[in-house]
Amino acid sequence: MRGLYDALSIGDVPGVLARLAPGVVVDEPSRLPYGGVHRGREVFVRSVLGAMKGYAAVAVTGAEVFEGPAGVVGRLTGTLTAHSTGEEYALTMVEVHQVEGGSVHKIDVYVKNPDELAAFYARAEAGVR
């Protein structure tokens with residue numbers, strides 16, 4: 001699944017979509033503006049990636065992939081830079097992927113410090129630091 005993170009890091013949306021099952025389920029932390037359960041790859045792109053990029057520029061600085069018999073775990077690090085203020089936020093997240101037939105069918109997302117990330121998005125939306 002390294003290809004998924006490679007595509008994500010360069011903003012290659014078709015490359016991301018190619019690695020997701022049509023009915024992929026992505027479960028994001030509920031505190032985030034795009035939190036909740038998202039079903040379908042187009043919904044994921046619009047509701048999660050679209051929302052993230054609507055608030056901030058996203059730069060992936062690292063991606064580690066750990067594959068095992070129960071699935072794939074990815075650890076991503078990066079920097080979000082708010083469009084409205086230029087504030088930077090160091091992002092760390094872990095994703096647990098359910099992979100079948102070479103496609104990702106489910107992603108459970110765990111963000112380090114979700115309350116701080118939600119506060120960053122609130123400041124970005126309000127245009128204040």
Side-chain angles (χ1 to χ4, degrees):
M1 290 291 88
R2 171 149 297 283
L4 174 68
Y5 291 134
D6 290 343
L8 185 63
S9 70
I10 60 171
D12 176 11
V13 174
V16 171
L17 290 175
R19 288 156 178 87
L20 301 176
V24 67
V25 175
V26 181
D27 191 352
E28 293 278 351
S30 61
R31 293 176 201 78
L32 304 180
Y34 50 86
V37 177
H38 306 277
R39 299 180 192 285
R41 55 185 172 200
E42 289 79 15
V43 172
F44 167 72
V45 168
R46 183 179 62 251
S47 298
V48 177
L49 293 182
M52 286 179 76
K53 290 182 177 198
Y55 288 103
V58 179
V60 176
T61 57
E64 299 172 277
V65 177
F66 307 94
E67 297 187 45
V72 177
V73 174
R75 181 180 181 272
L76 284 129
T77 56
T79 303
L80 302 176
T81 304
H83 297 305
S84 61
T85 65
E87 177 185 356
E88 292 186 351
Y89 181 85
L91 178 67
T92 301
M93 57 196 298
V94 172
E95 299 180 340
V96 179
H97 296 242
Q98 178 187 340
V99 181
E100 296 172 17
S103 295
V104 177
H105 287 260
K106 184 172 185 197
I107 306 173
D108 288 317
V109 180
Y110 302 92
V111 178
K112 189 173 189 176
N113 302 318
D115 292 328
E116 288 178 20
L117 180 56
F120 165 80
Y121 282 127
R123 289 190 302 276
E125 183 174 41
V128 297
R129 282 186 189 236

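Excluded from the calculations below are hydrogen atoms, water molecules and symmetry mates; all remaining heavy atoms, backbone and side chain alike, are included. Source: prediction; values computed, not measured.
Taking all atoms of both residues into account, the shortest heavy-atom contact from G127 to S84 is CA-OG, 3.6 Å. Considering every non-hydrogen atom in both L20 and R41, the closest pair reads O-NH1, 2.8 Å. The two residues A7 and G15 make their nearest non-hydrogen contact at CB-C, 3.7 Å. For H38 against E28, the heavy-atom pair with the smallest separation is CD2-CG, 4.2 Å. Closest heavy-atom contact between G54 and H83: O-CD2, 3.3 Å.
Taking the side chain as every heavy atom from C-beta outward, P14 and D12 approach each other to under 4.5 Å. F44 places a side-chain heavy atom less than 4.5 Å from the side chain of V16. At least one side-chain heavy atom of Y55 sits less than 4.5 Å from a side-chain heavy atom of P33. Within the 4.5 Å cutoff, the side chain of V37 has no heavy atoms near those of the V26 side chain.
L32 contributes atom CG, which lies 11.5 Å from atom CZ of F120 (distance to the nearest 0.5 angstrom). Expressed to the nearest 0.5 Å, how far CD of E88 lies from CG of L80 amounts to 9.5 Å. A distance of 6.0 Å separates CG in L49 from CG in L8, rounded to the nearest 0.5 Å. The distance from the CG atom of N113 to the OH atom of Y89 is 5.0 Å, given to the nearest 0.5 Å. Note: R75 CZ to T92 OG1 = 5.5 Å, rounded to the nearest 0.5 Å.
Legend: residues meeting salt bridge (charged side-chain N to carboxylate O under 4.0 Å, His left out) with D108, ordered by chain and number and at least two apart, are K106. Remark: D115 pairs with R31 by the side-chain hydrogen bond (donor to acceptor under 3.5 Å, both in side chains) rule, at least two apart or across chains. Contacts of Y34 classified as side-chain hydrogen bond (donor to acceptor under 3.5 Å, both in side chains), with partners at least two apart in sequence or in another chain: Y121. With sequence neighbours excluded, no residue forms a salt bridge (charged side-chain N to carboxylate O under 4.0 Å, His left out) with R46. Every residue was checked against the side-chain hydrogen bond (donor to acceptor under 3.5 Å, both in side chains) condition with T79, not counting sequence neighbours, and none meets it. For E95, the side-chain hydrogen bond (donor to acceptor under 3.5 Å, both in side chains) partners at least two apart in sequence or on another chain are Y5, H97.
Transitive grouping of hydrophobic side chains (ILVMFWY, heavy atoms separated by less than 4.5 Å) brings V60 and V13 into a common cluster. The hydrophobic cluster containing L17 also contains L76, counting ILVMFWY residues as joined when their side-chain heavy atoms lie under 4.5 angstrom apart, directly or transitively. Linking Ile, Leu, Val, Met, Phe, Trp and Tyr whenever their side-chain heavy atoms come within less than 4.5 Å puts V48 and V109 in one cluster. When the side chains of ILVMFWY residues are joined at heavy-atom separations under 4.5 Å, either directly or via intervening members, V58 and M93 end up in a single hydrophobic cluster. The hydrophobic cluster containing V99 also contains I107, counting ILVMFWY residues as joined when their side-chain heavy atoms lie under 4.5 angstrom apart, directly or transitively.
Counting non-hydrogen atoms of neighbouring residues, nucleotides and ligands closer than 6.0 angstrom, the CD atom of E125 reaches no more than 12 such neighbours.
T85 contributes no side-chain N or O that, together with a main-chain N or O of A82, makes up a donor-acceptor pair within less than 3.5 Å.
Remark: the T61 side chain and the T77 side chain contain an N/O donor-acceptor pair separated by less than 3.5 Å.
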